[in-house]
Amino acid sequence: MSRKTKDEMTPKQRAAAIANGEEVDRMPCNPNVANGVARVYGCKISEFNTSAKTLAEAQIAGYRRFGYDSVRVFTDLFPWAEAMGAEVTMPEDDTVDLKTPAIKDPADYKKIHPLNPYKDGRLPVHLDAMKYLIDGVGDEVGISAAIVGPFTNACFLLGVENVLRFCYKNPEAVHHLCQVSLESLIAYADAAIDIGLGPTISEPMSSCTVISPKIFREFSAPYLKQLVDHFKSRDRGVVMHICGQTADIWEDIADMGVAGFSIDNVASIEECKKKIGNKTKILGNVNPGTTMYMGTPAEVRMATLQCIKEGYDSPKGFMPMSGCSLPVETPFENIDMMMDTVRELGYPVDPEKLDRMMKETEAELEKEKA
Amino acid sequence: MARSKEELIAAMGNAVLEMEDEEAAALAEEYVEAGYDAMEGLTEGLAKGMNRAGELYEEKEYFIPELLLCSDAFYGAVDVLRPHIQKKTDSGEQMTAVIGVVEGDTHDIGKNILKIMLETEGFDVYDLGKDVPTQNFIDAAREHNADFIGMSTLMTTTMIKMSEIIQELKNNGLRDRVVVMVGGGPISEAYADKIGADGYEPDAASAARRARELVLAHRS
């Protein structure tokens with residue numbers, strides 16, 4: 001299977017043309033490669049913890065290799081909690097994980113201080129990487145800085161289970177930690193915006209798989225809203241991602257005025273489109289595990305087309321993406337296939353061509369099974 | 001006036017279900033002081049409250065915070081009853097489970113809930129924790145003469161460890177002696193079949209029920 005060598009437009013040209021209602025080479029697409037860029041560039045993932053240049057060059061290598069439409073500085077969920085005192089484990093060649101929360105004794109929750117993005121933890125490395133990225137590819141592709149949402153960060157400050165218990169037992173403590181997290185995340189995001197990036201928010205602990213919509217509305221949504229409002233005040237739209245099932249909070253999120261919402265593969269694009277497609281752009285949601293990591297290229301092609309079929313006519317726009325960050329060892333041929341599928345389909349989407357491609361792919365899958 | 005056994009059993013179940021940890025422990029004290037049967041208080045009162053909480057979780061009435069608080073109330077009251085429970089030795093239903101999150105993964109909320117659910121189904125549970133090396137599963141299965149091994153992962157990158165553990169059970173001649181179940185976000189029935197596990201369930205409550213059925217079937 002040959003891969004078309006190059007797209008006709010840069011992601012920035014493409015996005016601008018689509019915004020003007022013009023025809024373009026293909027729809028934008030983001031396989032969401034994350035730390036897998038280390039496999040393209042040929043470095044250990046732990047080098048991202050110390051070398052801004054490596055982090056940036058690996059991101060550029062991933063972008064050049066696959067041609068996707070979004071570059072993002074995002075290594076793991078914990079840099080902000082770490083900058084506020086949490087301990088993390090840093091495997092040599094795998095993603096950083098939380099070791100111990102910032103606050104050892106829950107009674108000490110008031111001792112937590114907002115972070116300084118220019119000084120604390122790995123944040124200066126991230127900010128420097130952003131400068132390299134802007135210099136390197138800033139004129140051709142949108143670059144974003146990831147942050148977690150305030151509630152998720154609060155969970156890492158005090159420990160996930162403690163925070164979940166405190167939602168009932170000590171609501172004031174949860175609000176306090178969310179407030180300090182909000183200030184911290186704004187400080188970091190402001191530094192990123194000053195460099196020229198736009199923010200994205202990942203808020204995994206707000207998933208309806210973890211907390212109820214009621215707890216979400218009391219403890220998470222008010223701070224997310226303030227975060228989104230702050231970005232709007234700086235003329236930055238923001239794409240939000242929440243893992244797991246989210247259908248019961250879609251309207252809350254859309255009403256915050258996010259520019260886009262990226263959904264997990266357990267949620268339905270079709271339903272999401274019906275509910276909030278007239279308020280915000282929808283992104284998603286090829287299964288990063290079963291399909292992208294473990295599936296065959298034909299399965300990736302089918303899943304990508306399926307997402308597009310469900311979402312392409314969403315009023316505020318749609319972008320095919322993976323349902324969450326890809327596993328580091330996702331085969332390159334599957335990532336290529338996702339991109340090649342949107343290249344072949346073109347833009348605007350011709351529904352007949354889409355159906356034809358789906359039928360061909362179905363036949364291919366039948367053959368694979370036989 | 002002292003409350004009847006039935007009243008206290010119902011109240012303990014409710015206290016667990018309503019996340020009232022202090023209330024549950026106080027009721028358990030009252031129950032023990034009245035001289036009622038501790039095992040019955042556990043199985044008919046506390047465990048039923050916990051089971052009901054599990055059902056509410058399946059029905060999306062309860063979520064992780066509620067389950068954590070129910071399990072806090074459950075364990076607090078169990079601690080009160082435990083010293084008064086006569087050990088069953090001849091029921092023929094004593095079952096031993098070894099559970100853990102496979103190596104490379106530290107997501108353990110689901111596994112912790114499974115532990116509670118298995119205990120309510122009558123298992124003695126050896127919890128190996130999270131990020132557990134394959135060899136530890138093998139050693140624990142042998143040492144505790146386990147009837148059941150439950151392993152979970154939330155990450156696609158560590159799923160492969162499950163197949164490795166099953167292979168090692170075979171290599172050590174233990175596979176036929178234990179029922180093996182797998183669970184976690186990316187796991188499916190199809191994956192369980194593919195790697196030769198005996199079962200998969202999408203949530204902890206049904207997994208514990210299935211574990212009991214499979215172990216009893218395996219014995220007969």
Side-chain angles (χ1 to χ4, degrees), chain A residues 34-36 88-89 91 93-100 151 155 159-169 171 174 204-216 218-219 243-245 247-248 264-266 287-295 322-330, chain B residues 17-23 53 56-76 101 103-113 115-116 130-131 153-163 184-192 194-195 202-204:
Chain A
N35 281 342
V88 296
T89 53
D93 200 18
D94 208 343
T95 299
V96 167
D97 203 353
L98 183 65
K99 189 176 172 197
T100 43
F151 182 75
C155 285
V160 174
E161 295 192 4
N162 284 333
V163 166
L164 297 185
R165 285 187 174 101
F166 273 19
C167 289
Y168 282 89
K169 297 271 177 182
V174 180
M205 299 308 299
S206 283
S207 166
C208 303
T209 315
V210 181
I211 59 172
S212 64
K214 184 168 167 281
I215 297 267
F216 171 74
E218 183 175 348
F219 294 100
C243 308
Q245 189 47 266
D248 291 336
D264 190 307
N265 41 282
V266 304
N287 189 319
T290 314
T291 307
M292 293 301 292
Y293 171 59
M294 289 169 49
S322 297
C324 205
S325 294
L326 291 183
V328 170
E329 312 299 347
T330 301
Chain B
L17 184 61
E18 299 296 329
M19 306 175 260
E20 303 284 357
D21 52 347
E22 284 166 20
E23 170 93 5
L56 290 184
Y57 178 70
E58 288 174 62
E59 291 161 16
K60 301 201 185 341
E61 287 287 319
Y62 272 11
F63 296 78
I64 306 286
E66 293 78 12
L67 268 193
L68 276 171
L69 291 168
C70 290
S71 78
D72 287 349
F74 174 78
Y75 277 120
V101 177
E103 187 167 22
D105 191 352
T106 57
H107 298 89
D108 65 349
I109 292 181
K111 184 268 299 166
N112 292 342
I113 296 167
K115 180 181 178 186
I116 299 164
K130 51 192 179 183
D131 194 10
T153 182
L154 223 69
M155 305 199 306
T156 49
T157 44
T158 46
M159 286 163 67
I160 187 75
K161 290 284 172 189
M162 296 180 160
S163 146
I187 311 302
S188 60
E189 188 82 55
Y191 185 72
K194 185 178 158 192
I195 64 171
D203 65 85

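Here is the naming used below: chain letters follow the sequence lines, and residue numbers restart at 1 for every chain.
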(request) Could you look at A/Thr330 and say if it's the side chain, the backbone, both or neither that has a heavy atom under 4.5 Å from chain B? (result) neither
(request) With a 4.5 angstrom heavy-atom cut-off, could you sort out which part of A/Leu98 is near chain B: side chain, backbone, both or neither? (result) neither
From [X] [atom1] over to [Y] [atom2], what is the distance, rounded to the nearest 0.5 angstrom?
X: B/Glu61; Y: A/Ser212; atom1: CD; atom2: OG; value: 10.0 Å
X: A/Ile211; Y: B/Glu66; atom1: CD1; atom2: CD; value: 9.5 Å
X: B/Ile160; Y: A/Met294; atom1: CD1; atom2: CE; value: 8.5 Å

(message) To check you understand the geometry: which heavy-atom pair defines the closest contact between A/Pro327 and B/Thr156, and what is its length?
(response) CG-OG1, 3.1 Å
(request) Please look at B/Tyr57 and chain A and tell me whether the side chain, the backbone, both or neither of the residue comes under 4.5 angstrom of a heavy atom of that chain. (result)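 B/Tyr57 touches chain A through side-chain heavy atoms alone.
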(request) Side chain from CB out, backbone as N, CA, C, O: work out which of these in B/Met155 comes under 4.5 Å of a heavy atom of chain A, or both, or neither. (result)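 Answer is neither: B/Met155 stays 4.5 Å or more from chain A.
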(request) Could you tell me whether B/Glu22 atom CD has more than 12 heavy atoms of other residues or ligands within 6.0 Å of it? (result) no
(message) Is any side-chain heavy atom of A/Pro213 closer than 4.5 Å to one of B/Phe63?
(response) yes
(request) Test A/Arg165 against every option in B/Asp21, B/Ile64, B/Leu69 by the side-chain contact (heavy atoms from CB on, under 4.5 Å) rule and name the one that passes. (result)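 That would be B/Leu69; it is the only one of B/Asp21, B/Ile64, B/Leu69 passing the side-chain contact (heavy atoms from CB on, under 4.5 Å) with A/Arg165.
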(message) Closer than 4.0 angstrom, basic N to acidic O: yes or no for B/Asp72 and A/Lys169?
(response) no
